[in-house]
Amino acid sequence: MSHSLLPVPTGRLLIPGANSFSLQEKPLKFSLIIPTYKESQNIRTIVKQLTHLIDQKIPNQYELIIVDDNSPDRTGEIALEVAKSYPQLKVMCRQNEKGLSTAVIRGWQMAQGEILGVIDADLQHPPEILLQLYEKMECKADLAVASRHIGGGGVSEWSLMRRFLSRGAQLLGLIIVPQVVGRVSDPLSGYFLLRRDAIQGREMNPTGYKILLEVLGRGKIENIKEVSYIFQERTKGESKVTIKQYLEYIQHLWRLRFPSWSLRRSLRYSQVILKSSRRRRSRLSKKNQPILPLSNSR
Ligand SMILES: Nc1nc2c(ncn2[C@@H]2O[C@H](COP(=O)(O)OP(=O)(O)O)[C@@H](O)[C@H]2O)c(=O)[nH]1
Ligand SMILES: [Mg+2]
């Protein structure tokens, strides 16, 4: 089996501490997660660019972790192949779980870095600003976010509709969880770094795409810094965002607003109530056998 292949953690979405069993004697400085689904055409380029950059700053003290969800285009296998030339690259191949946010958390659970991060695989997040984010972390930030919504930032060729949906989603977040969404200019950003101890030991419960919301909502985050960037157009592969991700976003906001409320628990609770009322009705009907038509019962 390849040395680059990481086991997939199971169970609760808890990030272990720097002195936990999953970490070797000497923790790394930095672990960057690259979640992938059908990114076979982008893997080599992103790994090459990131390695080139980070090697200038902290050679041999970092790792890149690709977390792939059983992509049918063999992204996982290609990543393992690429890892033969890049010893700092590790690959986690999930079979039984899927979704962007949990992929990132599963990656962080196996990460050895004191600083953790996430970047998309499709080069829409420009690797060039990664070192600026890292430098913010060196200056004692708890969280450094790449933002499209501060001076110098933006999106490249988005249609009016897409801009409207993105801003609308942010506004909705501001209404439902202002104390989470209002903390940064770009709460929907998927490109950020954070200090491990800001989320260490905290149970995460995200759904959908917006992992930063989870970090802001559940982490111990005081000092936040932002770096502007322009969201690039995809040149290879395609976006996986569908209406499902918008619905999951709303569900995620709801979970953050009402942490103890869960759809599954509410469904289970209503099933219990339904069952017990059905049992009561059938007990009553047995007692009053035969059930007479209304007209006869008078
Ligand atoms: N592991 C994993 N990665 C995903 C999943 N969905 C999307 N990604 C990755 O997350 C990143 C952002 O996804 P993308 O579809 O480009 O979102 P967009 O940029 O908002 O259109 C890319 O690197 C995708 O390959 C998923 O279900 N699992
Ligand atoms: Mg993308």
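Indexing begins at 1, ligand by ligand and atom by atom, following the structure's order. Please read these numbers as outputs of a predicted model, since none were measured by experiment.
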Do [X] and [Y] make a side-chain contact, defined as non-hydrogen atoms from C-beta onward lying under 4.5 Å apart?
| X | Y | value |
| --- | --- | --- |
| I211 | W108 | yes |
| V177 | W254 | no |
| L6 | V67 | no |

When you measure from [atom] to every protein heavy atom, which one gives the shortest distance, and what is it?
| atom | answer |
| --- | --- |
| atom 5 (C) of ligand 1 | Y37 CB, 3.7 Å |
| atom 17 (O) of ligand 1 | Y209 CE2, 3.3 Å |
| atom 19 (O) of ligand 1 | Q124 OE1, 3.0 Å |
| atom 21 (O) of ligand 1 | S239 OG, 2.5 Å |
| atom 2 (C) of ligand 1 | T36 O, 3.3 Å |
| atom 12 (C) of ligand 1 | D120 OD2, 3.3 Å |
| atom 28 (N) of ligand 1 | D69 OD2, 2.7 Å |

Have a look at ligand 1 and work out which part of [X], if any, has a heavy atom under 4.0 Å from it: side chain, backbone, both or neither.
| X | value |
| --- | --- |
| I34 | neither |
| F231 | side chain |
| R94 | neither |

[X] versus ligand 1: do any nitrogen or oxygen atoms come within less than 3.5 Å of each other?
| X | answer |
| --- | --- |
| K240 | yes |
| E238 | no |
| D122 | yes |
| D68 | no |
| A121 | yes |
| P35 | yes |

Could you give all pairs that pass the salt bridge (charged side-chain N to carboxylate O under 4.0 Å, His left out) test and reach residues 144-162, with sequence neighbours left out?
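Checked against salt bridge (charged side-chain N to carboxylate O under 4.0 Å, His left out) - neighbours excluded - the pairs reaching residues 144-162 are R148-D186.
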Looking only at heavy atoms, what is the nearest atom pair of [X] and [Y], with distance?
| X | Y | answer |
| --- | --- | --- |
| E248 | T207 | O-CG2, 3.5 Å |
| I15 | I199 | CG1-CD1, 3.6 Å |
| I78 | S40 | CD1-CB, 3.5 Å |

Pair S147, S185: side-chain N/O donor-acceptor within cut-off below 3.5 Å:
yes
Hey, which atoms in ligand 1 end up nearer than 4.0 Å to a heavy atom of [X]?
| X | result |
| --- | --- |
| L100 | 10 (O), 26 (C), 27 (O), 28 (N) |
| V241 | 17 (O), 18 (P), 20 (O), 21 (O) |
| A103 | 1 (N) |

Heavy atom of E39, distance to ligand 1 below 4.0 Å
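Flag set, E39 near ligand 1.
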Among the heavy atoms of K38, does any lie under 4.0 Å from an atom of ligand 1?
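It does not; every heavy atom stays at 4.0 Å or beyond.
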Please say which of K98, R94, K38 ends up in a salt bridge (charged side-chain N to carboxylate O under 4.0 Å, His left out) with D69.
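The single option meeting the salt bridge (charged side-chain N to carboxylate O under 4.0 Å, His left out) with D69 is R94.
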For [Y], is there an ion pair with [X] - N to carboxylate O distance below 4.0 angstrom?
| X | Y | result |
| --- | --- | --- |
| R74 | E81 | no |
| K210 | E214 | no |
| K240 | E39 | yes |

Tell me, yes or no, whether the heavy-atom count around R257 atom CZ, taken from other residues, nucleotides or ligands under 6.0 Å, exceeds 12.
no
Do other residues, nucleotides or ligands put more than 12 heavy atoms under 6.0 Å from E203 CD?
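Enclosed: over 12 neighbouring heavy atoms sit under 6.0 Å from CD of E203.
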List in chain and number order the residues that pass ring pair (Phe, Tyr, Trp, His ring centres under 6.0 Å) with H125, two or more places apart in sequence or in another chain; answer none if no residue qualifies.
Y191, Y229, F231
What donor-acceptor contacts under 3.5 angstrom involve side-chain atoms of residues 27-35, with partners at least two apart or in another chain?
from : atom 1 : to   : atom 2 : distance (Å)
K29  : NZ     : Q61  : OE1    : 3.3
S31  : OG     : E63  : OE2    : 2.5
S31  : OG     : Q112 : N      : 3.4
S31  : OG     : G113 : N      : 2.7

side-chain contact (heavy atoms from CB on, under 4.5 Å), that's the test. Do Y209 and L188 meet it? Break it down for me.
CA-CA 9 Å; Y209 257 43; L188 307 185; over 6 Å; no
List-wise, which protein N, O or S atoms are found short of 2.8 Å from the Mg ion (ligand 2)?
D122 OD2, Q124 OE1
Hey, looking at atom 27 (O) of ligand 1, which of G99, G190, G237, S166 has the closest heavy atom?
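Heavy atom nearest to atom 27 (O) of ligand 1 belongs to G99.
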